[in-house]
Amino acid sequence: MPQTSMRTRVAIIGAGPAGLLLGHLLHRAGIDTVILEDCSRDHVEARIRAGVLEQGTVDLLDEAGVGERMRRQGLVHHGIDLLFDGRRHRIDLSGLTGGRAITVYGQHEVVRDLICARLAACAPQYFEAGDVRLHGIDGQSPSVSFTHAGQAHVLHCDFIAGCDGSHGVSRHAIPPSALQVFERTYPFAWLGILAKAPPAANELIYASHARGFALFSMRSPEITRLYLQCHPDEDLAAWPDDRVWEELHARLETGDGWHLNEGLVLQKGVTPMRSQVTEPMQYGRLFLAGDAAHIVPPTGAKGMNLAVADVRNLAHALAVHYRDQRDDLLAGYSAACLGRVWRAEHFSWWMTSLLHRFDDYTPFMARLQHAELEYVCSSGAAARSLAENYVGLPFAPLAG
Ligand code: RFL
Ligand code: PHB
């Protein structure tokens with residue numbers, strides 16, 4: 001097949017939050033990019049994933065000029081509830097963090113806003129790009145080959161940003177001997193539903209229950225988002241809607257008169273639970289960002305927020321490279337990200353350990369877990385630690 005050849009400064013693989021935000025920040029810095037995405041635009045705009053934006057993420061999207069709809073439609077929450085022993089305990093996020101808050105706004109809405117901004121800027125993005133391959137990442141002239149609409153292309157570039165998530169190709173372009181991978185797989189998963197039902201509470205509820213963890217969340221005043229701890233290899237066919245609702249009622253309701261609102265189930269899926277970090281987040285001219293470099297279990301609501309934090313560092317390092325011909329920030333990119341990554345890894349592991357049912361726990365471990373829940377809900381110091389991690393630690397100042 002004949003190939004067309006094109007050139008850009010930064011080739012971005014993946015149009016998730018990491019890739020799209022990087023493209024947007026670089027566009028604002030006057031640096032041209034091409035985004036290659038293997039799925040269709042409809043698919044990435046409809047993919048239901050994260051829902052909780054940290055204060056820093058909200059501020060960054062705002063400053064970057066893509067926060068208008070988020071400000072209008074996002075739901076600002078000042079607290080969350082932890083539910084155990086049949087009682088709800090409110091963690092006053094804002095009161096414990098000097099007024100910081102979270103915003104509930106779907107990841108797919110962020111993705112839509114960023115795609116719109118990219119279209120308005122007439123910046124190139126190829127959806128349904130096939131057979132994406134990285135070449136020459138350890139030399140001075142990397143490139144990416146791909147197919148699109150039956151045509152083969154080669155994209156020459158200065159740098160490649162691997163923003164292609166946990167199942168992407170970028171990370172696998174790095175020789176395994178150059179990487180260290182740290183990981184943990186949990187013995188459970190989440191069964192998530194999206195329901196056309198008004199949320200019955202104003203804030204999220206994280207429930208620790210003898211039948212397993214459950215989470216009450218939302219997307220809008222009309223849409224409720226709910227999760228149940230389940231087996232990692234759960235067969236969705238065994239979970240008709242009635243069974244899902246029955247289990248949600250059992251785990252989330254306490255007999256105090258509060259009831260979940262039921263509604264049409266719009267979407268149902270199983271999410272595995274994994275922690276993983278790849279170090280370093282760079283090899284030659286390839287830089288990894290977001291889920292391509294690290295995964296957290298969703299209990300801490302950190303995945304998308306970490307992707308945003310990575311991209312903030314990467315966009316700045318690339319801007320300094322082109323503006324001042326300085327490479328020290330690019331060389332320090334991985335180290336600049338990994339401190340925050342490991343903090344979020346710890347918090348996500350801790351929240352997961354605090355709230356889930358572990359079938360292999362001895363009675364001793366179960367008592368320890370219960371003692372920790374009691375502590376978080378009775379000690380101001382412990383609650384503050386949860387709150388500052390949940391709303392997100394402030395970003396480190398950008399160097400140079
Ligand atoms: P993404 O979003 O996976 O985007 C990667 C993109 O790359 C594309 N791709 C390729 N493109 C070209 N060539 C290839 N070979 C490619 N291979 C893959 C993919 O199609 C995709 O479009 O990664 P990114 O941008 O790093 O963003 C990370 C977030 O998506 C992820 O961390 C969050 O969704 C995690 N997460 C949560 N994060 C939060 O911050 N707050 C939350 O409340 C939260 N809740 C969640 C979550 C993730 C969940 N699931 C489904 C995993 C709840 C759930 C249930
Ligand atoms: C969500 O609304 O999808 C959500 C909220 C909080 C989490 C994870 C997911 O910890």
Side-chain angles (χ1 to χ4, degrees), residues 11-23 35-41 43-54 56-57 75 77 80 102-108 110-111 114-115 125-134 144-148 160-173 189-194 199 203-206 213 215-220 223-227 267 269-274 276 288-311 344 347-348 351-352 355 390 392:
I12 299 175
I13 321 288
L20 287 164
L21 182 60
L22 180 65
I35 298 183
L36 305 177
E37 163 62 50
D38 70 349
C39 294
S40 68
R41 178 178 168 193
H43 180 82
V44 300
E45 288 190 346
R47 201 164 41 193
I48 302 297
R49 283 197 171 172
V52 173
L53 308 187
E54 293 176 358
T57 299
L75 308 169
H77 286 196
I80 55 170
I102 52 152
T103 298
V104 174
Y105 186 65
Q107 173 172 326
H108 66 291
V110 174
V111 162
L114 287 165
I115 290 176
Q125 50 191 340
Y126 291 83
F127 290 99
E128 298 176 72
D131 200 17
V132 172
R133 291 179 201 219
L134 285 61
V144 184
S145 60
F146 66 102
T147 59
H148 186 256
I160 301 175
C163 303
D164 46 353
S166 53
H167 302 293
V169 289
S170 301
R171 192 157 56 93
H172 302 290
W190 280 11
L191 190 160
I193 63 163
L194 194 68
E203 294 178 341
L204 273 60
I205 305 169
Y206 288 80
F213 169 80
L215 171 59
F216 165 89
S217 180
M218 63 200 71
R219 283 295 175 277
S220 71
I223 303 285
T224 304
R225 176 75 165 148
L226 297 148
Y227 298 97
Q267 203 243 24
V270 173
T271 302
M273 305 279 280
R274 221 153 41 99
Q276 189 186 69
L288 302 176
D291 277 16
H294 39 71
I295 316 281
V296 284
T299 329
K302 287 282 157 266
M304 174 168 62
N305 293 297
L306 271 186
V308 166
D310 289 351
V311 153
F347 178 66
S348 305
M351 283 284 279
T352 303
L355 292 160
Y390 195 85

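Bear in mind that the values here come from a model prediction, so they are computed numbers and not experimental data. Note that ligands are numbered from 1 as they come in the structure, with each ligand's atoms numbered from 1 the same way.
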Proximity to ligand 1 by part of E54, non-hydrogen separation under 4.0 Å:
neither
Could you tell me whether W190 approaches ligand 1 through its side chain, its backbone, both or neither, with non-hydrogen atoms closer than 4.0 Å?
neither
Return yes or no for this condition: an N or O of Y227 is under 3.5 Å from an N or O of ligand 2.
yes
Could you say whether the N/O atoms of P298 and ligand 2 ever approach to under 3.5 Å?
yes
What do we get for S166 next to ligand 1 when only non-hydrogen atoms under 4.0 Å count, side chain, backbone, both or neither?
neither
Atoms in ligand 1 with a heavy atom of C39 nearer than 4.0 Å:
20 (O)
For ligand 1, the portion of V132 having any non-hydrogen atom under 4.0 Å away
side chain
Mark the output for L215 as yes if a heavy-atom distance to ligand 2 is under 4.0 Å, and as no if none is.
yes
N or O contact, D291 vs ligand 1, cut-off under 3.5 Å:
yes
Which atoms from ligand 2 have a heavy atom of R49 less than 4.0 Å away?
3 (O)
One finds that the ligand 2 atoms under 4.0 Å from a non-hydrogen atom of W190 are 8 (C)
Please work out, at 4.0 Å between heavy atoms, whether the side chain, the backbone, both, or neither of V44 comes within that distance of ligand 1.
side chain
Find all atoms of ligand 2 within a distance of less than 4.0 Å from any non-hydrogen atom belonging to L204, and give their numbers and elements.
5 (C), 6 (C)
